[in-house]
Colleague: 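Dumping the structure here so I can ask a few things about it.
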Amino acid sequence: MKIAIGCDPNAQEAKEELIKYMEQKNYGEITDFGSDDPIYANTAIKVAEAVASKEYDRGILICGTGIGVSIAANKVSGAYAALLSDVYSAERARLSNDANIACMGAFTTGGKVREKLVDAFLTNEFVPGCASQPKVDAFVAYDKEHSK
């Protein structure tokens, strides 16, 4: 799996901890898109474009709350970013919504919880044809129609 990760300067330490954790878990090839830009939208958009283009399989974004990076990433057609705060939502982001980017807060979510969120997000897969397929199809169709 190819994973793109980025954050704002506030989340540098959280990002570094997650990269180390994902490397220990052998989750795949991880590319750091940086954390120096104080305008979190710039980093979020770069990660979202990399994931939406299918150059990367999944993305992870972190800012103070995770809210800003999720809003910014979701402006990119083909990027489906979910703000994660609990393990059940992280699982459902993949299983029910086929989200391809996980967003979380450095100030709102502890390090061990972030690890559990990443585990749930990276180890679950959307199952084509499942009961959620029509719902995913609806927002993907809207995205494609309105991104022209």
Side-chain angles (χ1 to χ4, degrees), residues 1-23 25 27-126 132 134-148:
M1 180 181 311
K2 291 181 70 177
I3 303 163
I5 188 169
C7 68
D8 70 0
N10 293 318
Q12 173 68 28
E13 184 177 331
K15 181 190 70 176
E16 289 175 3
E17 290 170 359
L18 270 184
I19 290 172
K20 183 177 178 182
Y21 177 77
M22 290 186 295
E23 289 173 344
K25 298 283 282 194
Y27 277 131
E29 179 185 326
I30 301 158
T31 301
D32 185 351
F33 277 66
S35 59
D36 295 333
D37 194 333
I39 307 299
Y40 58 74
N42 295 331
T43 303
I45 289 167
K46 286 177 188 172
V47 168
E49 288 175 339
V51 173
S53 72
K54 306 220 184 291
E55 181 181 349
Y56 289 84
D57 302 301
R58 305 270 170 81
I60 298 172
L61 290 166
I62 313 166
C63 67
T65 63
I67 297 168
V69 290
S70 65
I71 292 170
N74 278 317
K75 299 301 179 191
V76 175
S77 180
Y80 303 110
L83 176 60
L84 307 179
S85 60
D86 62 88
V87 173
Y88 181 74
S89 295
E91 291 171 351
R92 299 323 306 174
R94 289 293 307 136
L95 295 171
S96 297
N97 299 289
D98 202 15
N100 53 14
I101 301 171
C103 300
M104 52 194 95
F107 301 156
T108 58
T109 311
K112 292 295 180 190
V113 173
R114 283 191 299 270
E115 290 174 0
K116 291 187 181 306
L117 297 176
V118 165
D119 288 339
F121 188 75
L122 296 179
T123 61
N124 283 288
E125 293 294 335
F126 182 74
S132 295
K135 300 167 194 170
V136 171
D137 289 347
F139 68 70
V140 169
Y142 181 90
D143 180 24
K144 287 180 180 176
E145 183 179 323
H146 290 85
S147 66
K148 297 175 184 173

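None of the values given here were measured: they were computed from a predicted structure.
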Colleague: Tell me whether Lys116 at atom NZ has more than 12 heavy atoms from other residues, nucleotides or ligands lying less than 6.0 Å away.
Modeller: no
Colleague: Using a 3.5 Å distance criterion without hydrogens, assess whether the side chain of Asn97 forms a donor-acceptor pair with backbone atoms of Arg92.
Modeller: yes
Colleague: Where do Ser96 and Val136 come nearest, in terms of heavy atoms and distance?
Modeller: O-CG2, 3.5 Å
Colleague: Please list every donor-acceptor pair under 3.5 Å in which a side-chain atom of residues 36-48 meets a protein atom from a residue at least two apart or in another chain.
Modeller:
{"unit_1": "Asp37", "atom_1": "OD1", "unit_2": "Ile39", "atom_2": "N", "d": "2.8"}
{"unit_1": "Asp37", "atom_1": "OD2", "unit_2": "Asn42", "atom_2": "ND2", "d": "2.8"}

Colleague: Measure across Ala90 and Leu84 and return the closest heavy-atom pair with its distance rounded to 0.1 Å.
Modeller: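 The answer is CA-CD2, 3.7 Å.
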Colleague: Under 4.5 Å between any side-chain heavy atoms of Val113 and Met104, yes or no?
Modeller: no
Colleague: What distance separates Ile3 CD1 from Glu23 CD, expressed to the nearest 0.5 Å?
Modeller: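 Output value for this atom pair is 10.0 Å.
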Colleague: If you define the side chain from C-beta out and look only at heavy atoms, does anything of Ile67 sit under 4.5 Å from Leu83?
Modeller: yes
Colleague: Quick one: are Met22 and Ile5 in side-chain contact, heavy atoms under 4.5 Å?
Modeller: yes
Colleague: Testing the basics here: between Cys63 and Gly66, what is the closest heavy-atom pair and its distance to 0.1 Å?
Modeller: SG-N, 3.2 Å
Colleague: Would you say Glu16 has more than 12 foreign heavy atoms packed within less than 6.0 Å of its CD?
Modeller: yes
Colleague: List in chain and number order the residues that pass ring pair (Phe, Tyr, Trp, His ring centres under 6.0 Å) with Tyr27, two or more places apart in sequence or in another chain; answer none if no residue qualifies.
Modeller: none
Colleague: Is there a donor-acceptor pair closer than 3.5 Å between any side-chain N or O of Asn74 and the backbone N or O of Ala81?
Modeller: yes
Colleague: So, the side chain of Asp137 versus the backbone of Val140: is there a donor-acceptor pair under 3.5 Å, distance only?
Modeller: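 Judged by distance alone, no pair lies under 3.5 Å.
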Colleague: Minimum heavy-atom separation for Phe121 to Arg94, with atom names?
Modeller: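 That closest heavy-atom pairing would be O-CG, 3.2 Å.
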Colleague: Picking from Ile60, Leu61, Asp32, what satisfies side chain to side chain contact (heavy atoms under 4.5 Å, CB included) with Lys15?
Modeller: Asp32
Colleague: For the residue pair Ile62 and Ala11, what are the closest heavy atoms and their distance?
Modeller: CG2-CB, 3.5 Å
Colleague: Where do Arg58 and Glu125 land on the salt bridge (charged side-chain N to carboxylate O under 4.0 Å, His left out) test, with the steps shown first?
Modeller: CA-CA 11 Å; Arg58 305 270 170 81; Glu125 293 294 335; 2.7 Å; yes
Colleague: Return the CD1 to CD1 distance between Ile30 and Ile19, rounded to the nearest 0.5 Å.
Modeller: 6.5 Å
Colleague: Is the backbone of Lys2 close enough, under 3.5 Å, to the side chain of Asp57 for a donor and an acceptor to pair up by distance?
Modeller: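 A pair under 3.5 Å: yes.
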Colleague: CD of Glu115 to CD of Glu17: how many Å apart, nearest 0.5 Å?
Modeller: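 These two atoms lie 8.0 Å from each other.
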Colleague: Enumerate the residue pairs fulfilling ring-ring contact (aromatic ring centres under 6.0 Å, His included) with a member in residues 64-110, sequence neighbours excluded, ordered by first and then second residue.
Modeller: Tyr80-Phe139
Colleague: What's the spacing between Arg114 CZ and Asp119 CG if we round to 0.5 Å?
Modeller: 13.0 Å
Colleague: Considering all heavy atoms of both residues, which atom of Ala50 and which atom of Phe33 are nearest to each other, and what is their separation?
Modeller: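 Heavy-atom minimum between the residues: CB-CZ, 3.7 Å.
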